[in-house]
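Following: one structure in structure tokens, then a few remarks.
Counting from 1, the numbers follow the sequence of the chain as shown.
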Amino acid sequence: MPLQELLPADLPADPQLAPLAALVGADQQVPLVTGGSTRYVNLDFAASAPALTAVADRVADFLPSYSSVHRGAGYASMVSTAAYEAARRRIGEFVGARADDVVQIVRNTTDAFGLLASAVPDWGPGSVVHLDLEHHANLLPWQALGSRVVAARETVADTLAALEQELARKPAALLAVTGASNVTGEVLPLAELTAIAHRHGARIAVDGAQLVPHRRIDLGSLDLDYLAFSGHKLYAPYGAGVLIGRRDWLDAAPPYVAGGGAVRRVTVTRTTWADAPARHEGGTPNVVGAVALAAACEALAGLPDGALERHESTLRTRLADGLGGIDGVRLLELWSGEVDVVGLVTFVVDGYPAELVAHYLSAEHGIGVRDGRFCAHPLLDRLNEGRTAVRASLGLGSSGSDVDRLLDGVRELVDAGPRWTYGADGLPAPDPRPLPPL
């Protein structure tokens, strides 16, 4: 895996503060409303991560052989079929899938939970239990099934106890939880949650969209039943994601997309469906996306042991401590006590709407962050009275100088205000920055 073939000489010497891997677009220059340009600082990895150069190179190598997979006698079709099924296998290996698990190629985490929702056995209202802190991808499908919601408590231990109490009160088919909050970055203890679910006869499904890019997950050792994650958050933004887990529910579910490839035999009056994964991959699958996602899994697996966690922890501590030391800046957090946290920080700045803060950082400092309620409206209701906030998120391409650029920009805003004018929607008014003709 390539390390540190990146960026200008302003990077600090400490290897834990330098980028950990090469990303496409790492040296991109962006215009400023005040004139000139600067190196783009991407602190929006939690929304979508740029492609690893290793991923882009793998895709470029594969494209000349791209063809439709399965049932094709042409050589390119044979190559593509082999690449697609090898990708499925490598993705499963990356997260410790068991030999009998299904690795289902889907579009993204939202798609994965849509599929799983169609496969959960109907135990009547309340068949699924989840927390109130979930991303909408892991909330809306269950809400449609009449799920039971458990409010997160003041501590992780109390939250686990509340989940156990609810599952003991009334059986459930599934406990659906996030691995790491996309708003606060706080990580839930998956081994303990799995034990709670299984103790009460429920299966567990984990939204790994924000966890898998930051922590190694092993389904087998954790005994997780289902895991979903997205390529676009794992440095493979080519339109593929996965649902991985127990076969029986997926084999019994109605085909998620009815079409060619999902069948064994069709007559004009009757269809015999294939087993999973083919059962839920009707139509031409996203071969390029699967190849890209497998390449990203290989790249992350090839990082030195502990390098990702050390890099992220060092940068996040620098970011959180720096923001916490600025008057008028408040960090959004769920739990008190010692909690594992992935590389993101969400904050608000007194006196400034989140939309203005985000546009100001972009327009005047060339920094990309995310503002809004992050597809987690119930959690923002709890943490910020439903108001929007700003999220800065770190990744393999982040550096100490990126963090310092953000801190300097926020300090300048608090101390002196913006240099440009901004409309009621937070947008620069006017905005002289040209967009490329893409």
Within a radius of less than 6.0 Å around CD of E338, do more than 12 heavy atoms belonging to other residues, nucleotides or ligands occur?
-> no
Below 4.5 Å, heavy atoms only, C-beta onward: do L188 and D340 meet side chain to side chain?
-> no
Could you tell me whether the side chains of T155 and R153 share a donor-acceptor contact shorter than 3.5 Å?
-> no
Can you tell me if T317 uses its side chain to pair, donor with acceptor, with the backbone of S313 under 3.5 Å?
-> yes
CA sep, side-chain torsions, deciding dist, call: D275, R264, salt bridge (Lys or Arg N to Asp or Glu O under 4.0 Å) = CA-CA 9 Å; D275 292 334; R264 286 187 179 148; 2.9 Å; yes
Stepwise side-chain contact (heavy atoms from CB on, under 4.5 Å) test for V129 and V150 | CA-CA 7 Å; V129 172; V150 174; 4.0 Å; yes
Expected output: side-chain R203 to main-chain H198 donor-acceptor under 3.5 Å | no
Do side-chain atoms of R279 reach the backbone of A253 as a donor and acceptor pair under 3.5 angstrom?
-> yes
Please check if the side chain of T271 supplies one atom and the backbone of W273 the other of a donor-acceptor pair under 3.5 Å.
-> no
Under 3.5 Å, is there a donor-acceptor pair between the side chain of T184 and the main chain of E333?
-> no
If you look only at pairs with a residue in residues 369-381, which of them pass as a salt bridge (Lys or Arg N to Asp or Glu O under 4.0 Å), with sequence neighbours excluded?
-> D44-R370
Counting N and O atoms only, with roles assigned by atom type, does the side chain of D207 sit under 3.5 Å from a partner on the main chain of F229, one being a donor and the other an acceptor?
-> no
Please identify each residue that fulfils side-chain contact (heavy atoms from CB on, under 4.5 Å) with L435, with sequence neighbours left out.
-> none
Could you list the residues that satisfy side-chain hydrogen bond (donor to acceptor under 3.5 Å, both in side chains) with Q165, not counting sequence neighbours?
-> none
Please tell me if the side chains of L250 and L115 come closer than 4.5 Å, counting only heavy atoms from C-beta onward.
-> yes
Taking the inter-plane angle between the rings of F45 and Y235 on a 0 to 90° scale, is it parallel (under 30°), tilted (30 to 60°) or perpendicular (over 60°)?
-> tilted
Please say whether more than 12 non-hydrogen atoms of neighbouring residues, nucleotides or ligands are located less than 6.0 Å from CG in D100.
-> yes
Tell me, with the steps shown, if V120 and W142 meet side-chain contact (heavy atoms from CB on, under 4.5 Å).
-> CA-CA 10 Å; V120 176; W142 317 127; 3.9 Å; yes
More than 12 heavy atoms of other groups within 6.0 Å of R382 CZ | yes
Using the test salt bridge (charged side-chain N to carboxylate O under 4.0 Å, His left out), find all partners of R58 that sit at least two apart in sequence or belong to another chain.
-> E298
Between H365 and Y360, is the gap from one ring center to the other below 6.0 Å?
-> yes
Would you please say whether a donor-acceptor pair under 3.5 Å links the side chains of Q210 and S181?
-> no
L234 side chain reached by L293 side chain, heavy atoms, under 4.5 Å | yes
Are any non-hydrogen side-chain atoms of Y238 and V287 less than 4.5 angstrom apart?
-> no
Heavy atoms, side chains only, cut-off 4.5 Å: are L145 and S127 in contact?
-> no
Worked verdict on Q28 versus R39 for side-chain contact (heavy atoms from CB on, under 4.5 Å) | CA-CA 6 Å; Q28 181 181 12; R39 177 178 66 83; over 6 Å; no
With no hydrogens and no angle check, do the side chains of S362 and R433 hold a donor and an acceptor under 3.5 Å apart?
-> yes
Taking C-beta and beyond as the side chain, do R318 and D404 meet within less than 4.5 Å on heavy atoms?
-> yes
Return yes if some donor-acceptor pair links the side-chain N/O of H280 with the main-chain N/O of P255 below 3.5 Å, else return no.
-> no
Ignoring hydrogens and angles, state whether a donor on the side chain of H130 or S147 is under 3.5 Å from an acceptor on the partner side chain.
-> yes
Check whether the side chains of D27 and Y40 place a donor and an acceptor atom closer than 3.5 Å, and report yes or no.
-> no
Will you find, in the side chains of H70 and E85, an N or O donor that is under 3.5 Å from an N or O acceptor?
-> yes
Which of these, V339, V341, V156, L211, sits in a side-chain contact (heavy atoms from CB on, under 4.5 Å) with V187?
-> L211
Donor-acceptor pair, E281 side chain versus A262 backbone, under 3.5 Å?
-> no
With sequence neighbours excluded, residues passing salt bridge (charged side-chain N to carboxylate O under 4.0 Å, His left out) with E134 | none
Spell out, as yes or no, whether a donor-acceptor pair under 3.5 Å connects the side chain of S230 to the backbone of K233.
-> no
Quick one: does R90's side chain have a donor or acceptor within less than 3.5 Å of a partner on V291's backbone?
-> no
Between CG of L20 and OG of S399, what distance do you get to the nearest 0.5 Å?
-> 12.0 Å
side-chain contact (heavy atoms from CB on, under 4.5 Å) between L396 and L308: does it pass, once the steps are laid out?
-> CA-CA 8 Å; L396 294 175; L308 178 57; 3.4 Å; yes
Results of salt bridge (charged side-chain N to carboxylate O under 4.0 Å, His left out) for R98 - residues two or more places apart only = D101, D223
